[in-house]
Amino acid sequence: MAQRRLLLAIMALAAVAAATGFEFHEATVDAIQLGFSNGSLTSTALVRFYLDQITRLNPLLHAVIEVNPDALAQAARADDERATGRRCGPLHGVPVLLKDNIATRDRLNTTAGSFALLGSVVPRDAGVAARLRAAGAVILGKASLTEWSAYRPAPNGWSARGGQTLVFVTLSMKNPYVRSFTPCGSSSGSAVAAAANMAAVTLGTETDGSILCPASLNSVVGIKPTVGLTSRAGVVPISPRQDSVGPICRTVSDAVHVLDAIVGYDALDAEATGAASKYIPNGGYGQFLRMDGFKGKRIGIPNGFFTQEIFEKKQLRAYQKHIQLMRKHGAMVIENIDIAKNLTEVQNVLFSNEHIAMIAEFKLSLNAYLSDLLYSPVRSLADVIAFNKAHPVEERLKDFGQPYFIEAEKTNGIGPVEKASIQHLNKLSADGLEKLMRMHQLDAIVTPNDNGRVFFAVSGMPAITVPAGYDSQGVPFGTCFGGLKGYEPRLIEMAYAYEQATKVRMMPGFKM
Ligand SMILES: *[C@@H]1O[C@H](CO)[C@@H](O)[C@H](O)[C@H]1NC(C)=O
Ligand SMILES: *[C@@H]1O[C@H](CO)[C@@H](O)[C@H](O)[C@H]1NC(C)=O
Ligand SMILES: *[C@@H]1O[C@H](CO)[C@@H](O)[C@H](O)[C@H]1NC(C)=O
């Protein structure tokens, strides 16, 4: 009887805690900071929540490749710092998950999802990781990739690593909304983990669509910043001309907090970050989270993206409704404009020239990354190819081969062919999207999901994707706002106004 009374008392206490306590699911950075300051939350409790989510959900989703053994210690330190009255920024004590191609100088491996890089020792944190640490964020772990990967279960039985291909491989990665459906890549782990509340915020990287695509298909917000706005130092590279590191989060506001923390000059990525640092606004990006963000904006809807061949009626209706909503909120929407006379043709030309430039850039920049490592089982792309040949089963060479690696290895720097391709890309961009935007004085073009990605990729332009709806099967789709270099402030204004007016995001239901 006494025992029963005690039990009831404990249950009543728990109920009180639940009533006045912190709501962990869908917690935003602002709510987390409020929770810290009103005493309903500690960083330790928050890390425990996400570790528990990872333990429960990762066997299903494979979004997290490694958990940081020091995450709880970092959380405890953040809690101590707060208790001593230290002034803390918005990411202080906030657990962040990094895509596995972003180096951390700690007990975590940095492998870009590959076996070849397992055990390699990085000389220092990646520029963006160092900035997150300086902001007091907790490094929760690393997120899986689909690119680069053939899969096998990792020693702990629930993550995925493998390493020989550039094609999308989605064998073990699942979409948390509809599990039979691809979550897209290659920042899939980051997007899936954000969607399924396995981390507070995450970082992804994009060379051509790798933030925008998985963010769109997992009902989260992805920002692909202007190339150079965020440092790529210490990030396993593909193309320094196109690579960009950006946030993948559940809300625009969260993504903006992360963006504020990671932008800026880095001596180890001096040229690009030096050139882009002029775009960083005084006072940061938070000031652009404006409910009236559509007011006075000029938005272009280029032909060829919102078509029946790509989307079902339900999606097209949602997009039409949302475009109306932009008008209602004060935007001037300009439809029936063309990026090119023949969009398909130009896209094909862009992709083929991008490929020529990218494989040569990949060999150069990967070799530079590998030679900078303190220790590595592989020191060059040639070593990686040999490593994969020596591990054909783990690397599933029979299924995927390693055609891009072999093709890249045959290149010999940026010669006349590559130079011509890069010039062609620049000209197509200048005569295409850039000219269109200037001609109509556009603040953004709006496209579905990542479908405009190649235009943003080859020109180093920024884009933000925001949840827009769910198709008849329940697969999420997004709306993407893209603009000229340095347009982040106005893209954030529109993305935030759009998010607040639509409120589309829902937690995943893990449908089969
Ligand atoms: C503390 O703030 C959180 C929001 O982050 C809220 O959910 C909670 O109810 C607040 N608790 C108290 C005791 O004020
Ligand atoms: C890093 O990889 C090594 C080798 O597989 C493994 O023993 C170690 O646990 C990994 N680190 C973490 C934090 O998972
Ligand atoms: C556009 O280009 C594609 C690919 O080159 C071609 O198949 C198609 O017929 C062209 N469309 C038009 C309307 O010219």
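This one's a predicted model, so the numbers in the text were calculated from it and none came from an experiment. Indexing begins at 1, ligand by ligand and atom by atom, following the structure's order.
- Using a 4.5 Å heavy-atom threshold, the side chains of Arg105 and Val121 count as touching.
- Below 3.5 Å of separation, one finds an N or O of Ala31 facing an N or O of ligand 1.
- When each atom of ligand 1 is checked for a heavy atom of Asn38 under 4.0 Å away, the hits are 1 (C), 2 (O), 3 (C), 8 (C), 10 (C), 11 (N), 12 (C), 14 (O).
- For the pair Arg290 and Tyr496, the cation-pi criterion (under 6.0 Å, within 45° of the ring axis) is not fulfilled.
- For atom 7 (O) of ligand 3, the nearest protein heavy atom lies 4.0 Å away or farther.
- Residue Pro69 places a heavy atom under 4.0 Å from ligand 2.
- Those atoms of ligand 1 that come under 4.0 Å of a heavy atom in Leu34, given as number and element, are 2 (O), 4 (C), 5 (O).
- Ile334 has its side chain within reach of Ile337: a pair of non-hydrogen atoms, C-beta onward, lies under 4.5 Å apart.
- In this structure, Phe22 and Phe24 have perpendicular ring planes: the angle between them is above 60°, well past the 30° mark.
- In this structure, atom 1 (C) of ligand 3 lies nearest to the protein heavy atom Asn342 ND2, 1.5 Å.
- At a 4.0 Å heavy-atom cut-off, ligand 2 touches Arg107 through the backbone alone.
- Those atoms of ligand 1 that come under 4.0 Å of a heavy atom in Phe22, given as number and element, are 5 (O).
- Only side-chain heavy atoms of Leu118 come within less than 4.0 Å of ligand 2; its backbone N, CA, C and O stay farther off.
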- request: Output, in order, the C-alpha distance, side-chain angles, deciding distance and verdict of side-chain contact (heavy atoms from CB on, under 4.5 Å) for Ile54 and Val67.
  value: CA-CA 9 Å; Ile54 292 168; Val67 160; 4.1 Å; yes
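- Looking at heavy atoms from C-beta onward, Ile238 lies in side-chain contact with Met358 at the 4.5 angstrom threshold.
- Crowding of Met291 atom CE: a count of heavy atoms from other residues, nucleotides or ligands under 6.0 Å not exceeding 12.
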